[in-house]
Amino acid sequence: SIPSKESMTRENALCAMTAGAAWTDFQEDLTGRLQPGFRADVQVLDNDYFTCDQASINKIRPLLVMSGGRILHREI
């Protein structure tokens, strides 16, 4: 499908799910960004969210998920 002018860019969608989510939880000074001093949860995905075909976005799967320094899911 062709994106409408009202749809979010991939960058905006990622920001909404990371920095935006931290802001709604009043955690914007602790989480939501990969930068020194911030807590980082990490996902390694099986495809590149920014360059894959739009129809493939909903098929992206996590290969590794870490939170609080612990591995929660691992396929690699």
So, [X] side chain and [Y] main chain: donor-acceptor pair closer than 3.5 Å or not?
X: Ser56; Y: Lys59; answer: no
X: Asp53; Y: Ala55; answer: yes
X: Arg74; Y: Ile76; answer: yes
X: Asp46; Y: Arg61; answer: yes

Roughly how far apart are [X] [atom1] and [Y] [atom2], rounded to 0.5 Å?
X: Asn47; Y: Ile57; atom1: CG; atom2: CD1; result: 9.5 Å
X: His73; Y: Ser67; atom1: NE2; atom2: OG; result: 14.0 Å
X: Thr9; Y: Leu14; atom1: OG1; atom2: CG; result: 9.5 Å
X: Leu64; Y: Leu72; atom1: CG; atom2: CG; result: 9.0 Å
X: Arg10; Y: Cys52; atom1: CZ; atom2: SG; result: 5.0 Å

Tell me, yes or no, whether the heavy-atom count around [X] atom [atom1], taken from other residues, nucleotides or ligands under 6.0 Å, exceeds 12.
X: Leu34; atom1: CG; result: no
X: Met17; atom1: CE; result: no
X: Phe26; atom1: CZ; result: no

For Phe38 and Leu30: C-alpha separation, side-chain torsions, deciding distance, then whether side chain to side chain contact (heavy atoms under 4.5 Å, CB included) applies.
CA-CA 5 Å; Phe38 278 51; Leu30 300 171; 5.8 Å; no
Side chain to side chain contact (heavy atoms under 4.5 Å, CB included) evaluation trace for Arg39 with Gln27:
CA-CA 10 Å; Arg39 296 183 205 145; Gln27 299 291 311; 4.1 Å; yes
Going through the checks in order, is the side chain to side chain contact (heavy atoms under 4.5 Å, CB included) test met by Ile71 and Val65?
CA-CA 6 Å; Ile71 295 174; Val65 178; over 6 Å; no
